[in-house]
There are 2 protein chains.
Amino acid sequence: MFSKSCEYAIKAMIFVAQKSDESNRIGIKEIAKGTDAPEHFMAKIMQDLSRRRLIHSVKGPNGGFYMDKSDLKNSIANIVKAIDGDVIYTDCVLGLKVCSEKNPCPVHNEYKEIKKNIIKMIEKNSIGDFKDKLDSARYFLKNNK
Amino acid sequence: MFSKSCEYAIKAMIFVAQKSDESNRIGIKEIAKGTDAPEHFMAKIMQDLSRRRLIHSVKGPNGGFYMDKSDLKNSIANIVKAIDGDVIYTDCVLGLKVCSEKNPCPVHNEYKEIKKNIIKMIEKNSIGDFKDKLDSARYFLKNNK
DNA sequence: TAAAATTATGTTTTCAAAATCTTGTGAATA
DNA sequence: TATTCACAAGATTTTGAAAACATAATTTTA
Ligand code: FES
Ligand code: FES
């Protein structure tokens, strides 16, 4: 559904949202550990997110990543679009070039509703909402060992 | 959502269902053309489907692939399971090792419902149903040019 | 023997991951 | 105050593996 990069990106965003604030940044190593992601690969993803201004970063000693109030308002959809583009919005489940009413694949009508729900899922919840969820300690970003 | 192989497999099954019967087989070339798939890649997929008895094949002159009555009863889910395994049934949308109620990712509850619908979509419709849809000529296996 | 699937093997492309090099920043210090 | 140094992100390149696609040889059978 999402690319590996995108999965890591979402987890990283939620992780940073929970663990950091304006004056308390968090480094790439911790982010990688906290999300079960390979460090170098995660570093690259964080660059993308930062370049696209979905997250703030500070270089140098005591530097790291953090999210401010407005960052917390971003939806999962914004992350997905930044990393994977709009494939989720335009893809046909059977791989036709475009998904459309004019040239629908046999599964189109069934899939249409599912797609709607997927989009709702990623658009209605903001990073901030997920931060709260994680705080409640009933949700996880990695498997318990 | 599905692998490329799986997309091709589903299209091929629907195509053969529509175009063939017991005494009227259809060759790999036609299947590839009719589904916009690379011929040799599709050949391999057809082998898989045939080995797993989701479709019948006959070698030699006038040979080819065809589906009998019982083949038509297969659901899309059977194809998906044959090609992609059960990832659709077990995967976590954020890539956790396992999707479970005990160790849910932040999106688990939202995704749970979507997953249910996806499974319903692939289980409730049989290949035969899609054959009828295609016959109605309002659905397509490839893009109109 | 010719037509067709089957099998085996090879190549290319894409994606995930790792490594390395560059740039910017804060703090110590002379 | 200017210099330097270490720390941390940013950017680029390389490697690895898997998926997608292609070629060729083999078997089966009308
Ligand atoms: S055309 Fe296939 S999902 Fe819309
Ligand atoms: S744990 Fe992530 S979808 Fe169920």
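Just so it is clear: chains get the letters A, B, ... in the order the sequence lines come, proteins before strands, and each one is counted from 1.
Residue A/Gln47 places no side-chain atom within donor-acceptor reach of the base of D/dA9, judged by atom type and a 3.5 Å distance cut-off alone.
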Item to complete: Would you please test B/Lys131 and B/Asp135 for salt bridge (Lys or Arg N to Asp or Glu O under 4.0 Å) and show each step?
Response: CA-CA 6 Å; B/Lys131 165 173 153 51; B/Asp135 284 337; 3.6 Å; yes
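OP1 or OP2 of D/dA11 has at least one side-chain nitrogen or oxygen of A/Arg51 nearer than 4.0 Å. A close approach under 4.0 Å does not occur between any side-chain nitrogen or oxygen of A/Ser50 and OP1 or OP2 of D/dA9. The side chain of A/Ser57 places no N or O atom within less than 4.0 Å of a non-bridging phosphate oxygen (OP1 or OP2) of D/dA8.
Closest of all the heavy-atom pairs between B/Ser50 and B/Ser57 is OG-OG, 3.6 Å.
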Worksheet entry | Base-contact (B) and sugar-phosphate-only (S) positions in nucleotides 16-30 of chain C, heavy-atom cut-off under 4.0 Å, - elsewhere | SBBBB--BBBS----
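Note on A/Val80 and A/Val93: same hydrophobic cluster, where clusters join Ile, Leu, Val, Met, Phe, Trp and Tyr whose side-chain heavy atoms are under 4.5 Å apart, directly or indirectly.
A salt bridge is absent between B/Asp48 and B/Lys44: the closest approach of a Lys/Arg side-chain nitrogen to an acidic carboxylate oxygen does not fall below 4.0 angstrom. A salt bridge does not link A/Glu30 to A/Lys33: none of the charged side-chain nitrogens sits closer than 4.0 Å to a carboxylate oxygen.
A donor-acceptor pair shorter than 3.5 Å can be found between the side chains of A/His108 and A/Glu101.
Going from atom CE of B/Met42 over to atom P of C/dA4 covers 18 Å, rounded to whole Å.
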